Student: 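Supplied in structure tokens, the structure appears directly below.
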Amino acid sequence: MGLYIRCKETSVVKSIVFVSPPLTLRERYGVDRQSGGETTPLGLAFLAGVTRHAGYETHIVDSEILGLTPEGACDAIMSYKPDVVGFTAVTISVHNAATVARLITNINKKVITLLGGHHISAVPRETMKLFPEFDIGVLGEGEVTIVEPLDALKSGGSLKDVKGLILRDGDDFLLTGKRDRLKELDSLPLPAWDLLPKISEHYCPPVHTVKKLPAATLVTSRGCPGKCVFCARTVYENKGTYFSANRVMEMVNDFYYNYGIREIQFRDDNFTVFRKRLLELCKKLKEANLDLAWSSTGRVDTVTPEVLKAMKEAGCWQIWFGIESGSQRILDLVKKGTTIKGIKDAIKWTREA
């Protein structure tokens, strides 16, 4: 089914290590001093929660936050004696991920390497062709796909039957078919925050965006109905899904009581778009009366004075609006779907709140 399966045939698949590849401050920001913050790798924490729930021994190596070199990352990964190593990578980090994968297979050719994330989801064939270090590509939402290839490798089943993958097939590649989006995010286990370096000590959003410490980030929905031309919609298209207010409160309480977090930044593509859920969450946050500050993203055309009042009363102190431009011509050109008047109204209402 692919040369890598014959080369890497393994009788037992019991463990997986998820990896955030090494990335220096200069590679990320173009400077050598801290300026942009270090946020929790939400995707890896969700993935790890899923595989652990499925019975696989699971670990996370956040090479970036630990300041590891590729060689150091390889040593940390191999200390767990993994059968499978799953990398997440964006465009700026995919080369480093490939370097670590190459070091791993030089040590043990039986280790199977997976690559997921927005980069390979956007350009799967080009990525697999450019980086032979990866055996399998996982496309789209990894949580809904990850267990099936592990089960197939464990049982000797065919990976061709697992949707959402790109596989090596001789000198060519095989796309196994698009997997449907996950409709019920509440079906996912809680993120495996405990597998990360201590959150309150190692992670923090940019300090100029924080009111209280320790602070952390959380994503509670996926997708946005907007059709701005500058936004990539490879994975989520224009279909929004979200965790319920009850599940968001469960994650907030987990952060608050188990990890000492006192501020949360909701980094959703568009946190304010799901209005019913937002108002329900604000009510629950207000009733919980936690010593918690929070901020969020939002579009100017999704807020009203009533919504902003509810957010303020629930502890929100800051909103990131995607204003983009003060020119209506530019807003129309990029298909933002907003108006100058709407922008001014939203800012006025926010300041009043």
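Since the model is a prediction, treat every value here as computed from it, not as a measurement. Hydrogens, waters and symmetry mates are skipped; everything else that's a heavy atom, side chains included, is used.
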Student: If you count every heavy atom of other residues, nucleotides or ligands that lies below 6.0 Å from Lys81 atom NZ, does the total exceed 12?
Tutor: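 For Lys81, atom NZ is not crowded (no more than 12 foreign heavy atoms under 6.0 Å).
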Student: Can you measure from CG (Asp269) to OH (Tyr242) and round to the nearest 0.5 angstrom?
Tutor: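 Taking CG in Asp269 and OH in Tyr242, the distance rounds to 15.5 Å.
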Student: Which of these passes side chain to side chain contact (heavy atoms under 4.5 Å, CB included) with Val273: Ser221, Cys224, Pro225?
Tutor: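 Of Ser221, Cys224, Pro225, side chain to side chain contact (heavy atoms under 4.5 Å, CB included) with Val273 is met by Pro225 alone.
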Student: Mind listing the closest non-hydrogen atom pair of Pro197 and Asp62 along with its distance?
Tutor: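 Shortest heavy-atom separation between Pro197 and Asp62 comes out as CD-CB, 4.4 Å.
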Student: Is there a donor-acceptor contact under 3.5 Å from the side chain of Arg181 to the main chain of Gly240?
Tutor: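 No.
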Student: For the aromatic rings, using the six-membered ring if either is Trp, is the centroid distance between Phe266 and Phe274 under 6.0 Å?
Tutor: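 No - the distance between ring centres of Phe266 and Phe274 does not fall below the 6.0 Å cut-off.
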Student: Could you report the tightest heavy-atom contact between Leu278 and Met311, atom names first, then the distance?
Tutor: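 That would be CD2-SD, 4.0 Å.
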Student: Going by distance alone, is a donor N or O of one side chain under 3.5 Å from an acceptor N or O of the other, for Ser244 and Asp186?
Tutor: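 Yes, a side-chain donor-acceptor pair sits under 3.5 Å.
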Student: Taking the six-membered ring for Trp and the single ring otherwise, decide whether the centroids of Trp320 and Phe271 are under 6.0 Å apart.
Tutor: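 Trp320 vs Phe271: aromatic centres not under 6.0 Å.
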Student: What orientation do Phe46 and Phe243 show, parallel under 30°, tilted 30 to 60°, or perpendicular over 60°?
Tutor: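 Because their plane-to-plane angle is under 30°, the rings of Phe46 and Phe243 count as parallel.
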Student: Does the salt bridge (Lys or Arg N to Asp or Glu O under 4.0 Å) test come out yes or no for Arg125 and Asp172, once each step is laid out?
Tutor: CA-CA 9 Å; Arg125 290 183 179 274; Asp172 200 359; 3.6 Å; yes
Student: Whether the side chain of Gln318 engages the backbone of Thr209 through a donor-acceptor N/O pair (distance < 3.5 Å, no angle test) should be reported.
Tutor: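 Yes: the side chain of Gln318 pairs with the backbone of Thr209.
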Student: Roughly how far, to the nearest 0.5 Å, is the CG atom of Asp301 from the CG atom of Asn270?
Tutor: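 Asn270 atom CG to Asp301 atom CG measures 8.0 Å (nearest 0.5 Å).
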Student: I'd like to know if Lys348 and Glu352 make a salt bridge, using a cut-off of under 4.0 Å between side-chain N and carboxylate O.
Tutor: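 Looking at Lys348 and Glu352, the cut-off is met.
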Student: Search all heavy atoms of Ala48 against all heavy atoms of Thr51 and return the closest pair with its distance.
Tutor: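 That would be O-OG1, 3.3 Å.
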Student: Between Ser121 and Gly140, is there a donor-acceptor pair closer than 3.5 Å when you use the side chain of the first and the backbone of the second?
Tutor: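 Answer holds: yes.
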Student: Report the C-alpha separation of Ser20 and Ile65 in whole Å, then their side-chain angles, then the decisive distance to 0.1 Å, and conclude whether the side chain to side chain contact (heavy atoms under 4.5 Å, CB included) test is met.
Tutor: CA-CA 9 Å; Ser20 180; Ile65 201 66; over 6 Å; no
Student: Are the side chain of Lys160 and the backbone N or O of Leu167 linked by a donor-acceptor pair below 3.5 Å?
Tutor: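 Not a single qualifying donor-acceptor pair exists.
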Student: Quick check: does any side chain N or O of Gln328 sit under 3.5 Å from a backbone N or O of Thr338, one acting as donor and the other as acceptor?
Tutor: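 At least one qualifying donor-acceptor pair exists.
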Student: Pair Lys154, Asp83 - check salt bridge (Lys or Arg N to Asp or Glu O under 4.0 Å), show working.
Tutor: CA-CA 10 Å; Lys154 182 177 181 179; Asp83 301 308; over 6 Å; no
Student: Roughly how far apart are Lys309 NZ and Cys316 SG, rounded to 0.5 Å?
Tutor: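 That separation rounds to 14.0 Å.
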Student: Rounded to the nearest 0.5 Å, how far does CZ of Phe255 lie from CD1 of Ile264?
Tutor: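 Here the rounded value is 6.0 Å.
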Student: Mark yes or no for whether Arg262, through its side chain, and Tyr256, through its backbone, hold a donor-acceptor pair below 3.5 Å.
Tutor: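 It does hold such a pair.
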Student: Assess whether side chain to side chain contact (heavy atoms under 4.5 Å, CB included) is satisfied between Asp291 and Lys212, documenting all intermediate values.
Tutor: CA-CA 10 Å; Asp291 179 25; Lys212 292 184 179 182; 2.5 Å; yes
Student: If I take atom CZ from residue Arg267 and atom CG from residue Leu42, how far apart are they, to the nearest 0.5 angstrom?
Tutor: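 Atom-to-atom, Arg267:CZ and Leu42:CG are 9.0 Å apart.
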Student: Look at atom CD of Glu184 and say whether more than 12 heavy atoms of other residues, nucleotides or ligands are closer to it than 6.0 Å.
Tutor: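 Count not over threshold, so no.
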Student: Kindly determine whether Arg275 and Thr304 satisfy side chain to side chain donor-acceptor pair (under 3.5 Å), including the steps that lead there.
Tutor: CA-CA 10 Å; Arg275 183 173 297 182; Thr304 65; 4.7 Å; no
Student: Can you give me the closest heavy-atom contact between Phe134 and Ala97, atom names plus distance?
Tutor: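 Between these two residues, the closest heavy atoms are CZ-C, 3.7 Å.
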Student: Has Ser93 got a side-chain atom pairing as donor or acceptor with Ala89's backbone, closer than 3.5 angstrom?
Tutor: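 No, Ser93 side chain to Ala89 backbone: no donor-acceptor pair under 3.5 Å.
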Student: Looking at Trp193 and Thr40, would you say the former's side chain and the latter's main chain have a donor-acceptor pair under 3.5 Å?
Tutor: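 Not at all, since once roles are kept as given, no pair shorter than 3.5 Å links the two residues.
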Student: Give a yes or no answer on whether the side chain of Thr176 reaches the backbone of Gly164 with a donor-acceptor pair at less than 3.5 Å.
Tutor: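 Such a contact is found between Thr176 side chain and Gly164 backbone.
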Student: The test is side chain to side chain donor-acceptor pair (under 3.5 Å); show your working for Asp268 and Thr297 and say whether it passes.
Tutor: CA-CA 6 Å; Asp268 302 37; Thr297 58; 5.5 Å; no
Student: Salt bridge (charged side-chain N to carboxylate O under 4.0 Å, His left out) with Glu141: which of Lys178, Arg222, Lys163, Arg179?
Tutor: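 Only one option passes, and that is Arg222.
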Student: What heavy-atom pair brings Pro124 and Leu139 nearest, and what distance separates the two atoms?
Tutor: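 Reported closest heavy-atom pair: CB-CD2, 4.0 Å.
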Student: Salt-bridged, Lys211 to Glu263, with N to O below 4.0 Å?
Tutor: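 Answer for the salt bridge query: no.
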Student: Salt bridge check, Glu250 against Arg247: does any charged N sit closer than 4.0 Å to a carboxylate O?
Tutor: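 Looking at Glu250 together with Arg247, the answer is yes, because their closest N to O distance falls below 4.0 Å.
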Student: Does the Arg168 side chain pair with the main chain of Met128, one donor and one acceptor, at a distance under 3.5 Å?
Tutor: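 Indeed, once roles are kept as given, a pair shorter than 3.5 Å links the two residues.
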Student: So which atom in Val300 and which in Gly342 form the shortest heavy-atom distance, rounded to 0.1 Å?
Tutor: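 Taking every non-hydrogen atom into account, CB-O, 4.1 Å.
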Student: Just verifying a value: how many Å separate Ile112 CD1 and Thr105 OG1, rounded to the nearest 0.5 Å?
Tutor: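 Atom-to-atom, Ile112:CD1 and Thr105:OG1 are 12.0 Å apart.
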